[in-house]
Protein chains: 2
Amino acid sequence: MKENSSVWPAGVRKTKQRLCVFSVLENAKRPLSAQEIFSRAQAEDASVWLSTVYRILDHLVGEGLAVKTAVMDSSTALYELSGGHRHYAVCVNCHRVIELTNCPMEKFVPEIAENDFRVLGHRVEMYGYCRDCDKKLSGMH
Amino acid sequence: MKENSSVWPAGVRKTKQRLCVFSVLENAKRPLSAQEIFSRAQAEDASVWLSTVYRILDHLVGEGLAVKTAVMDSSTALYELSGGHRHYAVCVNCHRVIELTNCPMEKFVPEIAENDFRVLGHRVEMYGYCRDCDKKLSGMH
DNA sequence: CTCGGTGCAAACTCTTTGCATTGAC
DNA sequence: GTCAATGCAAAGAGTTTGCACCGAG
């Protein structure tokens, strides 16, 4: 387990539940659902409750430390620490999430007037079939 | 109401419910939730049921006629007809969805080997504050 | 007539909320 | 001791499923 580095907002208490959820997110290699975070947190420390995980996540999002997302073709919310500039490819068959290593947005200026929208960030998502599903499905007919 | 153009998959019956949902999607200017589609469909034809809307949407997605998405910061699934090449800016405060008129992906080749992932499409999403929310929030402190 | 689609109810999953209690500071 | 955070239960959204009936082809 990595050391909890970084920011700790003023007035926020260092409970083991929050430390635990934060550590799970720090070590995650892809965005996780609340359920997944809950499971991993339980593996580290039995005394976490799912509703507490949701509350901590809301808190983290409110503080700007985490980001709430959702990928194509699924209606479950996913969470990851913010700051990381990550983009994914999502398999619409098995819902596997694959990290992209380059970003098309570096030079992109959206056609919205500056004062019509204050851009905080962006998301890019490719969707299609991962190799395994592509094989499986094209072998089917 | 626009004419239902385009494809009708073989073996699919032209029920008024399906025609109605399809027409709602054709006339939508942004992705809609199942609830929104349900409301609009009811306005056109009283006899549609929410579960039927879900079933028709699943059907359309399965046939590749529609796409199921979800935007940042919300866990409700949204649907739109596929083929349209649309990208959005999403206000993380009021959840307003604003259409972008240009696309950064036109020349983008993601760093995934061709045979590791078969790309069907992509999504781009800016997030931040729309003008109204930005005003409101910056006036607050 | 047949079989896919629909009405309707009930179940299920994901997420939020209320309240008494706990524990960080 | 104080107040934020948690445990736990129960409610609330959003979504899916089962089954009998209906109606497009």
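Per chain, numbering begins at 1; letters A, B, ... match sequence-line order. Since this is a predicted model, take the numbers as computed values, not measurements.
Of the listed nucleotides (D:dA5, D:dG7, D:dT15), D:dG7 has the atom at the smallest distance from the side chain of A:Trp49. Distances were taken from every side-chain heavy atom of A:Lys68 (C-beta onward) to each of D:dT15, C:dT16, C:dC14; the shortest belongs to C:dT16.
Distance check, rounded to the nearest 0.5 Å: CH2 of B:Trp49 to CD of B:Gln42 gives 8.0 Å.
For the helix from C:dC1-D:dG25 to C:dC25-D:dG1, the terminal axes (five pairs an end, C1' atoms, rotation from four pairs onto the next four) enclose an angle of 40°, given to 10 degrees.
For B:Arg55 against C:dG7, a side-chain-to-base donor-acceptor contact under 3.5 Å is present. Side-chain atoms of A:Arg18 and base atoms of C:dG23 include no donor and acceptor less than 3.5 Å apart. Judged by atom type and distance alone, A:Arg13 reaches the base of D:dA4 through a side-chain donor-acceptor pair under 3.5 Å.
In terms of phosphate contacts, A:Tyr54 brings a side-chain nitrogen or oxygen within less than 4.0 Å of OP1 or OP2 of C:dT15. Under 4.0 angstrom from either OP1 or OP2 of C:dT6 there lies at least one side-chain N or O belonging to B:Thr15. Considering only side-chain N and O atoms, B:Gln17 lies under 4.0 angstrom from the phosphate OP1 or OP2 of C:dG7.
In this structure, CG of A:Asp45 is placed 14 Å from C1' of D:dA5, rounded to the nearest angstrom. Atom CD1 in A:Ile37 sits roughly 13 Å away from atom C1' in C:dT15 (whole-Å rounding). One atom, CG of B:Asp58, and another, C1' of C:dT6, lie 15 Å apart when rounded to the nearest Å. One interatomic measurement links the two molecules: CG of B:Leu50 to P of C:dG7, which rounds to 11 Å at whole-angstrom precision. Here the C1' atom of nucleotide C:dT6 and the NZ atom of B:Lys14 are 19 Å apart, to the nearest Å. Rounded to a whole Å, the CZ atom of B:Phe38 is 15 Å from the P atom of D:dA13. As a whole-Å value, the separation of B:Lys16 NZ from D:dC22 P is 14 Å. If you take CD of B:Gln42 and P of C:dG7, they are 10 Å apart, rounded to a whole angstrom.
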Would you be so kind as to tabulate the donor-acceptor pairs closer than 3.5 Å made by side chains of residues 33-40 of chain A, with sequence neighbours excluded?
from: A:Ser33; atom 1: OG; to: A:Glu36; atom 2: N; distance (Å): 3.2
from: A:Ser33; atom 1: OG; to: A:Glu36; atom 2: OE1; distance (Å): 3.4
from: A:Glu36; atom 1: OE1; to: A:Ser33; atom 2: N; distance (Å): 2.8
from: A:Glu36; atom 1: OE2; to: A:Arg30; atom 2: NH2; distance (Å): 3.0
from: A:Ser39; atom 1: OG; to: A:Gln35; atom 2: O; distance (Å): 3.0

Listing, residues 51-66 of chain A side-chain donor-acceptor contacts under 3.5 Å, not counting sequence neighbours, or none:
from: A:Glu63; atom 1: OE1; to: A:Arg18; atom 2: NH1; distance (Å): 3.3
from: A:Glu63; atom 1: OE1; to: A:Arg18; atom 2: NH2; distance (Å): 2.8
from: A:Glu63; atom 1: OE2; to: A:Arg18; atom 2: NH1; distance (Å): 3.2

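Residue contacts shown for A:Ile56 are limited to sugar-phosphate atoms, with no base heavy atom under 4.0 Å away. Among the heavy atoms of the strands lying under 4.0 Å from A:Ser51 is at least one base atom, whether or not backbone atoms are also near.
The two residues B:Cys20 and B:Ala41 make their nearest non-hydrogen contact at SG-O, 3.5 Å. Nearest approach of A:Leu19 to A:Lys14, heavy atoms of both residues: CD1-O, 3.9 Å. B:Ala77 approaches B:Lys68 most closely through the heavy-atom pair CB-CE, 3.7 Å. Counting all heavy atoms, side chain and backbone alike, A:Leu32 lies closest to A:Ala28 at CD1-CB, 3.6 Å.
Across the interface with DNA chain D, nearest-nucleotide mapping of A:Ser47 and B:Ala77 shows A:Ser47 to be the residue nearer the 5′ end.
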